[in-house]
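Counting starts at 1 for both ligands and their atoms, following the listed order. Here the structure is a predicted model, which means the values were calculated and not measured.
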Amino acid sequence: MGEETRPAVHSLRTGTRTSPALGSSLIPIINKLHDILAPVGGGLTKISLPQVAVIGSQSSGKSSVLEALVGRDFLLRGCDICTRRPLVLMLENRPETPGDDGKEWGEFRHFPGKRFYDFSKIRREIQAETEKEAGLNKGVSAKQIFLKISSPNVLNMTLVDLPGITKVPVGDQPSDIEARIRKMIMVHISQQNCIILAVSPANSDLATSDALQMAREADPTGRNKLHGSRTIGVITKLDIMDRGTNACNFLLGKVVPLHLGYIGVVNRSQEDINNSCSISDALSYEEKFFQDHPVYNSLSGCCGIPQLGRKLNQVGDSHFFAHIAHIDCLIPIHRAPWIPGFGVLLGVILFLTNSLHFNLFIGCAMADFMSQILEQHIRMVLPSLKSELNAERYSVVKELETCGKAVASYEDKGSIVLDILSKYCKAFSAKLDGSSPDMFTKELSGGARILYIFQTTFVKSLEEVDPCEDLSDDEIRTAIQNAAGIRNCIFVPEVPFEVLVKKQIDRLLEPSLQCLQYVYDELMKISRTCEVAEMRTFPVLRRNMDDIMRKFLRTSLKPTESMIKNLIDMEMDYINSSHPNFLGGSKAVELAMNQLKSQQGSTDVEKGSSTEKGQKTRGSLLPRLTLPNLGTPSVNDEKPASSGNASMRTWGISSIFGSRGSSGERLARSRSLGEPDHSDQMPSRIQLTEVNHAKRQLYETFIQKLHRQDLFDMLLEEQDEVVLKRKCNEELFQVLDKAIQTLEEVESDVSTRSSHSSFGNDDAITCSPRATGISTRQNLRNRSEVISSYFHILE
Ligand SMILES: Nc1nc2c(ncn2[C@@H]2O[C@H](COP(=O)(O)OP(=O)(O)OP(=O)(O)O)[C@@H](O)[C@H]2O)c(=O)[nH]1
């Protein structure tokens, strides 16, 4: 087979005998979109980009079919070499320009900018890339290899070569290899925009073909009892069938009927490959084979690689036409006011374009029409795609913000440290003052929580202090007797009172220190919520700040503690018995006597029972006193005779200070101790020495400890993951940015085209021809031509 026998046309290669490239003018836009979207990842694949996937069992001839379609030797095929990673092959038609000698080249996505003019090097690169990912020993990987072939001689199309379905694991293949490969294949062919080339070798049982079975799974819908709406059956190895048998019934769809039908092909055999038979020679051989074959020569419509290429072009476009345009564009076009009945005609065309026979006849006019429909679809999906890309870019920007900026110079580092420290301190103050923008709404936090500690927790803990606890009547009696010395005691003396009171004031220390501890804990908690975003990228700085903060708060804890102790000591040292609320012994007795008189009758029983309670209780020594003008009596006051501590608290020494109960009473009682309200004083001291001190001194402390040039490098050391994350996000940002720019170009391309097209523009559809002037009249003329050519075809 010599070069002179080379046929004029190669299936997907352009030439005089190829069928019109339906919609091919649009495919560069789609390929451009594909290019945009591929690096961005799987998430943004809402736009249906057309592709043709070749599936079948191992060694069924998939790569051979693809190579024949492309017209170049570059794929992994043969006895011992097989496809082990999906190969996405983007054929790009490059218009020939002056000076362009029509060279063809390949470019891998993983080698951007590097053109491979030698196709055998492309094959070697595919093999190397396969081995890199899937190892040397038959392993497979789902990671795609992207290869763009640029040529003035190919039609725009995306083809995907997939690993063959295999049943028995060999080499490094895992035991579930079949399931894995099937899954990998399904990912591609289940996409609605994917045309499936289901390859089955004629020398095996076609009825049990893996390819057809999988295609049916992914593309089950059909019409007129035929299967699949986007599956083309390809039968290879027709040349090596058993003598006396043929695949005629299959090719005619009598065994497994397919809506889009079958094409039978003859590729190069292994021997042909070994003998370096070229593809063109093989195509010539194939052509001759079918011509000379007694059965296949009458089935020329479904035999041969050129026929497959033609069908692919037609089906490819009509598939998109039917699948996309039918859904998205029929309704507006149907409304077209200027051509009565046009929508009905279009419906008929849509129906017919899904028929294999009609596909074989549609011509240039249909191609134009489909282009416009496809354009309209692209125009419709572009805005949502763009907003998706914008949203993605926004989230990348947010991610980048969490990575912080990469820093180099000392000045930069210094200002970054300063900025972080100042932001942190501002956030801390804001949390205390309640001016933080990110405050909680579900629970108290920050300064409000400290106030709660002061006003509620601390007050409650003071209330729980029983001033008479552990103070028995015997102790009081003994103290009074000791104070009288050798004399008899007639009046209640002051000295034993002071001795006893001091002991009890000491009991206020514990709740006060507890209050301080709560405030400290709260400040620590606040400090943890003040983390500024930039801190996250500098773990060393963050650790140091935490450390300093803890020490700083702890340092101020000590003086506050001793201040609290001093305050308690002061209260003990001087009992202010001239305070108006102070009830001295004589006043207490006087009040008691008055009360006794007024209650004489009614309290007989009570008194009796109290007396019965025992001579040892404090009630036996001192009358029960209340301060009726200081608020509602407590529950305890209402049950003086009940047993236990509660009843005892209303008697004895506590009665002299005023009864327990409402806070008004409590204040009166604490004041009577000579203390100008412990529950007010203590918080203000803690506020001063702990809280305000932290607000005022924190920034200065940070600056002193951390804003030092010799520390900058260490403090701003970044984690490797952060550096990597920043790098990835920066790259992704660039890609997305470029993608958005390209998309805008595509948008303007499409809108320019649609403003010139007949059906692509919604305005044109709804405007009256008279109103839209010459261009619309021109459009109408074009449309009339298109429609009359349809009628011609239909006839
Ligand atoms: N005689 C003959 N041999 C063919 C035909 N098609 C393919 N072969 C041979 O079958 C073998 C396998 O072909 P490939 O194209 O590598 O098959 P494949 O399906 O891509 O194989 P995997 O990638 O391993 O799944 C090769 O030796 C081809 O030369 C054909 O139509 N006739």
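When each atom of ligand 1 is checked for a heavy atom of G164 under 4.0 Å away, the hits are 25 (O). The ligand atoms of ligand 1 that sit less than 4.0 angstrom from a heavy atom of D239 are 1 (N), 2 (C), 30 (C), 31 (O), 32 (N). Below 4.0 Å from some heavy atom of G61 lie the following atoms of ligand 1, by number and element: 7 (C), 13 (O), 14 (P), 15 (O), 17 (O), 18 (P), 19 (O). Those atoms of ligand 1 that come under 4.0 Å of a heavy atom in K62, given as number and element, are 15 (O), 17 (O), 18 (P), 19 (O), 20 (O), 21 (O), 22 (P), 25 (O). Heavy-atom proximity to I273, at under 4.0 Å, picks out these atoms of ligand 1: 29 (O). Every atom of ligand 1 with a heavy atom of V266 under 4.0 Å away is listed here by number and element: 31 (O).
When heavy-atom distances to ligand 1 are checked against a 4.0 Å cut-off, R268 comes that close only through its backbone atoms N, CA, C and O. Neither the backbone nor the side chain of D161 has any atom closer than 4.0 Å to an atom of ligand 1 (non-hydrogen atoms only).
Among S59, P201, S60, the residue whose heavy atom lies nearest to atom 12 (C) of ligand 1 is S59. Evaluated by nearest non-hydrogen atom to atom 30 (C) of ligand 1, the leading choice among Q58, K237, E67 is K237. For atom 14 (P) of ligand 1, the nearest non-hydrogen atom from the set S64, S57, G56 belongs to S64.
Residues Q213 and E217 have side chains that bring a donor and an acceptor to within less than 3.5 angstrom of each other. With 3.5 Å as the limit, one finds no donor-acceptor pair spanning the side chains of R84 and Q127.
We find the CD-NZ distance between E178 and K167 to be 4.0 Å, quoted to the nearest 0.5 Å. Remark: L258 CG to L251 CG distance equals 11.5 Å, nearest 0.5 Å.
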Q: Evaluate the salt bridge (Lys or Arg N to Asp or Glu O under 4.0 Å) criterion for residues E286 and R268: first the C-alpha distance (whole Å), next the side-chain angles of each, then the deciding distance (0.1 Å), finally the verdict.
A: CA-CA 9 Å; E286 186 197 44; R268 287 173 298 177; over 6 Å; no

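For a threshold of 3.5 Å applied to N or O pairs, the pair formed by T236 and ligand 1 contains no separation below that value.
Taking the six-membered ring where tryptophan is involved, the planes of F250 and Y262 are perpendicular, since the angle between them exceeds 60° and thus also 30°.
Applying the side chain to side chain donor-acceptor pair (under 3.5 Å) definition to pairs two or more places apart or across chains, none involves residues 232-253.
Cation-pi check for K148 over F108 is not met; the charged atom does not lie both under 6.0 angstrom from the ring centroid and within 45 degrees of its normal.
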